[in-house]
Novice: 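I have a structure I would like to understand better, so I am pasting it below and will then ask my questions one at a time.
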Amino acid sequence: MLLHLPLSPFRRAAAEAVAAALGVDAVGLAVSTPPDPALGDFAVGCFSASRTLRAAPAALASRVAATFSPGPLLESAAAAGPYVNFRARRAALYADLFARTLTPGGTLVPAAPGAGQTVCIDYSSPNIAKPLSYHHIRSTVIGHALANLHRALGFRVVGINHLGDWGTTFGMILAAFARWGVPEPLTIGGMAERYVAFRKAAETDTSCGDDGRAWFKRLEDGDETARALWRRMREISLTEFDEVYARLGVVFDEVRGESAYEADMPVVLADLERKGLTSISDGALVVDLADCNMPPCLLRKADGATLYATRDLAAAVYRQEQYGFTRSLYVTDSGQALHFAQLKVVLERAGHEWAKRITHVPFGLVRLGGKKTGARTGNVVLLLDVLGEAEAQIDATVARTNPDLTPERRREVARDVGVGAIIFANLQSQREKDVDFELEKVLSFDGDAGPYLQYAHARARSVLRRSGVTDVAALASSADAARLARDEEWQLALKLDAIGDEAARAAESCEPHIVAHYLLELCAAYSRWYALGSQDATLRVLCADDATRAARLALDAAFGATLAGGLAMLGMRAPEEM
Ligand code: ARG
């Protein structure tokens with residue numbers, strides 16, 4: 001659905017040159033980087049064209065190279081086995097890069113493939129009256145990155161916090177409050193304690209079950225005492241959650257809990273029944289999914305209570321009606337894979353063609369200090385502790401490396417870098433892999449970690465500050481690309497040019513780690529260039545020759561802007577100094 005041409009005009013030109021020479025569609029032709037920069041700047045394989053045209057890829061590559069004529073963006077093409085390797089016109093690429101990254105109104109991502117499309121992203125979505133657990137934090141970080149990535153590509157994004165605020169659990173907590181009183185001041189901890197005590201009591205006291213159901217019925221029927229207490233629980237929980245969201249810089253477009261679908265559920269159930277999709281099993285209303293090798297989807301229990309799945313069906317319909325999504329994503333731990341598979345099948349059977357646009361975005365576990373992070377331990381406390389520890393350590397490091405920073409500035413930096421480190425650690429590996437979280441690695445300034453990226457940004461910005469240049473837009477228009485003759489400069493420019501395509505791949509596959517990995521490579525390319533200056537003063541960015549200095553400063557500034565933009569896609573700040 002997201003298939004599109006490469007976003008970089010240079011990469012697009014390479015794909016289009018192959019398409020035009022062979023008479024195939026340019027969409028779907030992958031543009032990669034040749035294994036050796038000496039071969040060229042972009043490589044396009046002729047494999048898919050070879051299937052369509054029934055000809056050997058190498059023969060097709062030769063044909064493309066033989067018929068290629070240079071244009072404003074590409075200067076040459078050469079066949080290498082099944083690949084065509086293209087060279088870009090350097091001056092044109094530098095000019096495009098500087099215009100996009102340094103001038104007001106420039107766009108880091110050179111095209112907007114998501115324009116006119118809407119993506120709903122359900123993320124975080126914790127249950128109220130329960131401490132936020134680590135999987136909600138990971139969902140928050142991944143979902144936030146996916147929201148930013150889609151926004152950068154021009155999508156309209158609806159970030160949704162689908163709070164778990166409805167169900168029989170709340171009947172039980174209310175019943176517990178009635179028995180033992182409301183623990184004041186009421187906190188999530190107090191609610192969770194009452195709930196646990198109630199479950200415990202229910203093991204021996206059979207009246208608990210009826211009591212809980214009766215209280216849930218009162219809640220459903222709009223009994224004012226029940227509703228007021230439930231509202232309080234919801235508000236108090238949200239206030240606690242908001243503390244974490246604020247720390248992570250997360251803002252939702254829609255905070256709409258399961259309770260909001262109360263009135264929609266009977267409509268959804270009636271629809272499924274009318275379409276003959278439901279059956280009764282042990283008194284419960286279900287959709288049998290045996291023919292898909294799945295257990296039945298439970299919609300209404302024998303006692304009349306609706307379930308998580310019932311509310312998700314109603315919510316899916318609501319989102320489609322309200323937003324007309326092109327994609328609807330759900331970011332939860334992989335443990336919920338079956339639930340979303342069932343949801344999709346039931347919606348498909350109900351005749352909703354849009355059900356195929358629903359995607360579950362699962363992720364693996366995080367182990368903190370060797371301990372598995374479970375749902376039951378108060379992991380928010382853990383997160384806030386880890387954040388506090390991260391900030392303290394960064395603060396100490398920065399006090400050493402940058403003693404001129406005022407303590408206030410240093411604390412700000414420590415906050416941005418501490419939280420950035422935690423975000424990056426959650427995004428760095430493929431989603432579905434389990435993550436081992438070791439604070440020492442996560443906080444590294446020179447390893448594959450968040451602080452390393454942020455430090456590279458601060459360094460690039462400090463070069464610019466020391467140069468005294470304040471008008472980067474002027475740099476963009478005056479920079480003479482001929483002064484950027486080093487291979488290291490060109491490799492950096494090519495990497496910078498790729499950000500849009502990396503972001504598109506990351507959004508398409510819902511894998512923010514693609515951008516995380518890209519940013520590490522980008523910083524490595526910057527370091528290779530920057531390091532030249534330590535051997536030879538004429539190779540420094542701030543060298544003696546005015547025209548060369550201006551061109552190098554433009555590249556430095558383009559790097560800073562691109563890195564800051566890439567960090568923002570991941571939900572991280574880009575400090576000016578560190
Ligand atoms: N509240 C659920 C939990 O804590 C996650 C909800 C995910 N979103 C959804 N629409 N089901 O596990």
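For this chain, numbers begin at 1 and follow the sequence in order. Below, all heavy atoms of this structure are taken into account, side chains as well, without hydrogens, waters or symmetry copies. Read the numbers this way: they start at 1 and go in the same order the structure lists the ligands and their atoms. Since the model is a prediction, treat every value here as computed from it, not as a measurement.
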Novice: Need the ligand 1 atom indices (1-based, order shown) with element for anything under 4.0 Å from a heavy-atom of His162.
Specialist: 8 (N), 9 (C), 10 (N)
Novice: Before we go on, tell me: are the rings of Phe252 and Tyr245 under 6.0 Å apart, centre to centre?
Specialist: yes
Novice: Below 4.0 angstrom from a heavy atom of Thr332, which ligand 1 atoms are there? Numbered from 1 as shown, please.
Specialist: 7 (C)
Novice: Hey, is ligand 1 close enough to Asp312 that some N/O pair sits below 3.5 Å?
Specialist: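 Right, the criterion is met.
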Novice: Are a donor atom and an acceptor atom from the side chains of Ser133 and His136 found within less than 3.5 Å of each other?
Specialist: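 Yes, His136 and Ser133 have a side-chain donor paired with an acceptor closer than 3.5 Å.
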Novice: Pairing donors with acceptors under 3.5 angstrom, does anything connect the side chains of Thr306 and Arg311?
Specialist: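 Indeed, the side chains of Thr306 and Arg311 share at least one donor-acceptor pair under 3.5 Å.
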Novice: Please determine, by modelled atom types, if Asn127 and Tyr308 share a side-chain donor-acceptor pair under 3.5 angstrom.
Specialist: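 Result is no, nothing qualifies.
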Novice: What atoms of ligand 1 come closer than 4.0 angstrom to any heavy atom of Tyr330?
Specialist: 10 (N)
Novice: Please check if any side-chain donor atom of Thr118 sits under 3.5 Å from a side-chain acceptor atom of Arg156, or the reverse.
Specialist: yes
Novice: Starting from atom 8 (N) of ligand 1, which protein heavy atom do you reach first, and at what distance in Å?
Specialist: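 Nearest neighbour among protein heavy atoms for atom 8 (N) of ligand 1, to 0.1 Å: Asp122 OD1, 3.1 Å.
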Novice: Is there any N or O on Gln336 that sits under 3.5 Å from an N or O of ligand 1?
Specialist: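 In this structure, Gln336 places an N or O atom under 3.5 Å from an N or O of ligand 1.
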Novice: I'd like to know if the side chain of His360 pairs up with that of Thr332 as donor and acceptor (distance under 3.5 Å, no hydrogens or angles considered).
Specialist: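 Judged by distance alone, the side chains do pair up.
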Novice: Please report whether ligand 1 has a polar contact with Glu258, defined as an N or O pair separated by less than 3.5 Å (distance criterion only).
Specialist: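 Checking ligand 1 against Glu258, no N or O pair falls under 3.5 Å apart.
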Novice: Between Tyr123 and ligand 1, find which residue part has any heavy-atom pair under 4.0 Å and reply side chain, backbone, both or neither.
Specialist: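 No part of Tyr123 is near ligand 1 at this cut-off.
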Novice: Is any N or O atom of His136, backbone or side chain, closer than 3.5 Å to an N or O atom of ligand 1?
Specialist: yes
Novice: Which residue holds the protein heavy atom closest to atom 6 (C) of ligand 1, what is that atom called, and what is the gap in Å?
Specialist: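 The closest one turns out to be Tyr308 OH, 3.2 Å.
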Novice: Would you say the side-chain atoms of Ser259 and Asp165 include a donor-acceptor pair closer than 3.5 Å?
Specialist: yes
Novice: Can you find an N/O atom of Ser125 closer than 3.5 Å to an N/O atom of ligand 1?
Specialist: yes
Novice: Give yes or no for whether the N/O distance cutoff of 3.5 Å, strictly under, is met between Asn127 and ligand 1.
Specialist: yes
Novice: Between Trp180 and Phe198, how do the two ring planes meet: parallel, tilted or perpendicular, split at 30° and 60°?
Specialist: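 Because their plane-to-plane angle is over 60°, the rings of Trp180 and Phe198 count as perpendicular.
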